[in-house]
Amino acid sequence: MNPKYNRTYVQGRDFWRGSVPDQLDRGGNPYFCPVGWSRWSFYVTDNFYQKFKGWSICYHGIKFSYGLAILLSGLKPAETAALGEGIYATPSVNYACHPRYAEVKLIQSSANNKFFKNGTYVQFVLECRVHPNNILLKGPQTLNAFNTKIDDNIGNDVIEWLIDNQGKEMVDFNDPNASIVCTGIMVRITDQHPGLLSQSQWWYHSHLCDYKKCCLLDIDVETLRRLKKSDTQCNIMYN
Ligand SMILES: [Zn+2]
């Protein structure tokens, strides 16, 4: 870990408007503030900026059962390859955290300690860097979001990036020549189900289910819809 680069993306903490937070070269792709998320930064290499100058930020949602395996052994190219063979990532953290990609987990009360700030639900998304030359394609969303906007800043039609896996069965984050590297974990902790956040409303106008092999909500979808109908408020908890 690399705590010096941990961040809390909320107004008053680490926050910017627009697509350019600073003078760093991010390969011509926009970097919008991932509001509502905190980043636990990984140590990747000395002289980080020197190596990753011109690389762009993107995200990849993870499920808990795969999370550790991904960190230990790398990312496997997608099995359902809607846009072609490769690794799928997105410049939108709000797309990456759809429960089909990023499991929603109820925090067990025994783990409800300082770490989770007495939150109730948590989601994790990987923060990655990719060199623009390795982005094979910027394609449309694949969650049937035809009548809803996923991200205020990024069009639904260019929200999935297909990354060149360079023919490898596993893209190893520890390989300095990998086409995509993982630079941190994005974490969002909430006091109610994150499906009740305003930024999650597109879930209900695209794909949403509670079939365990698909969307991992840790609540049944009918209960979630009922909570939404009754206007239950959800708050993000920050450290
Ligand atoms: Zn589903």
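Scope of the values below: all heavy atoms of this structure, side chains included, with no hydrogens, waters or symmetry mates. Remember, it's 1-based here, ligands and their atoms both numbered in the order they're listed. What you see is a predicted model; the values in this text were computed from it and never measured.
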Ring centres under 6.0 angstrom apart (Tyr31, Trp16): yes
Lys NZ or Arg CZ of Lys228 over Tyr204 ring: under 6.0 Å, within 45°: yes
Steps toward side-chain contact (heavy atoms from CB on, under 4.5 Å) verdict (Trp37, Asn94): CA-CA 10 Å; Trp37 293 80; Asn94 205 44; 5.6 Å; no
Ring geometry between Trp202 and His98 (parallel below 30°, tilted from 30 to 60°, perpendicular above 60°): tilted
is_close_aromatic(Phe42, Tyr5), centroid dist under 6.0 Å: no
Protein N, O or S within less than 2.8 Å of the Zn ion (ligand 1), waters excluded: His207 NE2, Cys209 SG, Cys214 SG, Cys215 SG
Aromatic ring pairing Trp55/Phe52, orientation class (parallel under 30°, perpendicular over 60°, tilted between): perpendicular
